[in-house]
Amino acid sequence: MSSRMAGAALLRHLGPRLFAAEPTVSGLAARGAMPAAARILPARMASTAPEAAREDAGAKQHGGGTEQQEKAAGGQSKKAIVSYWGIEPPKLVKADGTEWRWPCFRLLRSLATRDRDDDLVQPWDTYTSDTSIDVKKHHEPTTLPDKAAYLLVKSLRVPMDLFFQRRHASHALLLETVAAVPGMVGGMLLHLRSLRRFEHSGGWIRALLEEAENERMHLMTFLEVTQPRWWERALVLAAQGAFFNAYFVGYLLSPKFAHRVVGYLEEEAVHSYTEYLKDLEAGVIDNTPAPAIAIDYWRLPADAKLKDVVTVVRADEAHHRDVNHFASDIHYQGMKLKDTPAPLGYH
């Protein structure tokens, strides 16, 4: 009982000092000598009025900033955020002055392409596909490695035809997820070899990486045409994992065999897109308007159709076919890629 009474008396004396909302500041506190309780419980001893004022001011400032951001987002004169590192993303425009919508391919040749007046940049990572290429060209396998590569690719085509049948857009999605792997693997390994041996690559690093990027843009285009189902996504996951590792090891063991395999894969891709075009021309598949990303990437007419997209994609695959067969022939002749200039810009 005595301890309870002592606690109650202590609370009566110290309660107003410890828990008062606006404590009275003594002369010592004003001169910098804070009471012990203030040092122990500064939040309790401080006034809540200044904190509330600061919160109100912060809310007003935050609200004002939000309003300014909304106005900027609604207007056309929105300024890009300047990085701490001095990097300001350029505003890309098309030839007609409209804003560029595709940050996935907006590379710049150099900072000299900037317009000094309004800091607008023309995107360059686009091109016009050469559709005059011979899509019926075929490399006849004569050597044992060539025959093995040809049979390997043909054996892979059978299950794909059974799985997708005439669903060409879905087939294209899977095809491009695999086709974009060899260029990246080959470019990466040539890049490491160039660093390791202190030698040039003859432009082949860039050529193979451009091929991989071009194949990826095929995938981005057909994603605007159709969306993969869950089992197709699972198939892509398995196929990409298996193919990447197999091609990585194969390129280390025999680059000429690896390039020959890709050459035959591209021949099959040309065949697949030819069948796609046949169904579009026969009316089996609706010839819908071309996706906007395809019109900008290949510089197609504004009224381009899906048939035009498939035509330029097939031409790209034919170019990849020729480049990889050419690379394999270089190795078969006992030469090295670095000693033969690569066909840059040859999508």
Side-chain angles (χ1 to χ4, degrees), residues 85 87 104-113 123-127 129-130 133 137 139 141-150 152-153 176-219 240-267 269 315-347:
W85 308 107
I87 299 174
C104 55
F105 57 102
R106 63 175 190 175
L107 300 178
L108 309 177
R109 288 194 182 276
S110 67
L111 294 179
T113 60
W124 72 268
D125 197 25
T126 61
Y127 70 103
S129 182
D130 179 16
I133 189 170
K137 192 184 300 184
H139 180 275
T142 55
T143 65
L144 183 60
D146 284 359
K147 292 180 180 179
Y150 184 72
L152 174 63
V153 173
E176 301 302 343
T177 58
V178 174
V181 171
M184 181 61 65
V185 172
M188 175 188 66
L189 291 176
L190 290 180
H191 174 74
L192 295 176
R193 180 181 300 173
S194 175
L195 299 177
R196 187 170 61 249
R197 298 185 178 181
F198 305 96
E199 62 184 18
H200 292 283
S201 67
W204 281 96
I205 296 175
R206 181 176 176 182
L208 293 178
L209 293 181
E210 281 185 353
E211 175 186 315
E213 174 63 12
N214 181 244
E215 298 284 10
R216 191 185 66 85
M217 288 308 304
H218 293 175
L219 175 64
Q240 188 185 81
F243 184 71
F244 176 89
N245 289 283
Y247 190 80
F248 180 85
V249 175
Y251 202 96
L252 288 175
L253 296 176
S254 177
K256 61 182 178 183
F257 179 78
H259 281 293
R260 189 67 78 200
V261 168
V262 177
Y264 286 129
L265 281 174
E266 299 295 355
E267 288 186 14
D316 288 347
E317 304 295 358
H319 286 298
H320 300 161
R321 171 203 64 194
D322 294 351
V323 169
N324 280 277
H325 280 315
F326 174 58
S328 183
D329 289 343
I330 293 174
H331 286 288
Y332 272 108
Q333 295 171 7
M335 302 173 61
K336 296 181 179 179
L337 291 181
K338 69 182 183 67
D339 298 326
T340 305
L344 292 178
Y346 199 62
H347 287 284

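The first residue of the sequence shown is numbered 1, and numbering continues consecutively from there. Both backbone and side-chain heavy atoms feed into the values below; hydrogens, waters and symmetry mates do not.
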Novice: Can you tell me if E317 and H218 form a side-chain donor-acceptor pair at under 3.5 Å?
Specialist: yes
Novice: Where do P145 and F257 come nearest, in terms of heavy atoms and distance?
Specialist: O-CE1, 3.4 Å
Novice: List the residues meeting side chain to side chain contact (heavy atoms under 4.5 Å, CB included) with T177, not counting sequence neighbours, and say none if there are none.
Specialist: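 Here the qualifying residues are L174, L219, V236.
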Novice: Does the pair L253 and V249 meet the rule for a side-chain contact (heavy atoms from CB on, under 4.5 Å), with working shown?
Specialist: CA-CA 6 Å; L253 296 176; V249 175; 3.9 Å; yes
Novice: Please lay out, stage by stage, how V178 and Q240 fare under the test side-chain contact (heavy atoms from CB on, under 4.5 Å).
Specialist: CA-CA 6 Å; V178 174; Q240 188 185 81; 5.8 Å; no
Novice: Check this for me: does any side-chain nitrogen of one of E210 and R206 sit under 4.0 Å from a carboxylate oxygen of the other?
Specialist: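 Judged by the 4.0 Å cut-off on N to carboxylate O distance, E210 and R206 do form a salt bridge.
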Novice: Are E266 and H320 packed together at the side-chain level, in the sense that at least one heavy-atom pair is separated by less than 4.5 angstrom?
Specialist: yes
Novice: Take M188 and H191 through the side-chain contact (heavy atoms from CB on, under 4.5 Å) test and state the conclusion after the steps.
Specialist: CA-CA 5 Å; M188 175 188 66; H191 174 74; 5.5 Å; no
Novice: Using modelled atom types only, decide if a donor and an acceptor are shared between the side chain of N245 and the backbone of G241 within a distance under 3.5 Å.
Specialist: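 Judged by distance alone, yes, a pair lies under 3.5 Å.
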Novice: Identify the heavy atoms of A212 and A180 that sit nearest to each other, and give their distance.
Specialist: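 Closest heavy-atom pair between A212 and A180: CB-O, 3.6 Å.
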Novice: Heavy atoms, side chains only, cut-off 4.5 Å: are H139 and E267 in contact?
Specialist: yes
Novice: Show your reasoning for whether side-chain contact (heavy atoms from CB on, under 4.5 Å) applies to H325 and H259.
Specialist: CA-CA 6 Å; H325 280 315; H259 281 293; over 6 Å; no
Novice: Under a 4.5 Å cut-off applied to non-hydrogen side-chain atoms, are P343 and W204 in contact?
Specialist: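 Yes, at least one pair of side-chain atoms sits under 4.5 Å.
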Novice: Tell me the closest heavy-atom pair linking I205 and S194, and the distance in Å.
Specialist: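 Shortest heavy-atom separation between I205 and S194 comes out as CD1-CB, 4.2 Å.
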Novice: Mind listing the closest non-hydrogen atom pair of A149 and V261 along with its distance?
Specialist: CB-CG2, 3.6 Å
Novice: Does some side-chain heavy atom of R193 sit less than 4.5 Å from a side-chain heavy atom of E199?
Specialist: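 They are in contact (side-chain heavy atoms under 4.5 Å apart), so the answer is yes.
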Novice: Are the side chains of D322 and I133 in contact, using a 4.5 Å heavy-atom criterion?
Specialist: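 Side-chain contact under 4.5 Å: yes.
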Novice: For residues 326-334, tabulate all N or O donor-acceptor pairs below 3.5 Å that involve a side-chain atom, not counting sequence neighbours.
Specialist:
from, atom 1, to, atom 2, distance (Å)
S328, OG, K256, O, 2.7
S328, OG, R260, NE, 3.3
S328, OG, R260, NH2, 3.4
D329, OD1, R260, NH1, 3.4
D329, OD1, R260, NH2, 2.7
Y332, OH, D146, OD1, 2.9

Novice: So, taking the atom named CG in N324 and the one named CG in L208, what distance separates them when rounded to the nearest 0.5 Å?
Specialist: 7.0 Å
Novice: What distance do M184 atom CE and L209 atom CG have between them, rounded to the nearest 0.5 Å?
Specialist: 5.5 Å
Novice: Taking only residues two or more places apart in sequence, or in another chain, which ones meet F243 in a ring pair (Phe, Tyr, Trp, His ring centres under 6.0 Å)?
Specialist: Y247
Novice: Would you say E176 and R216 make side-chain contact, with heavy atoms under 4.5 Å?
Specialist: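 The answer is no, as the side chains (C-beta and beyond) never meet within the 4.5 Å cut-off.
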Novice: Assign the ring pair Y264 / Y150 to parallel, tilted or perpendicular, where the plane angle (0 to 90°) is split at 30° and 60°.
Specialist: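 Perpendicular, since the angle between the ring planes exceeds 60°.
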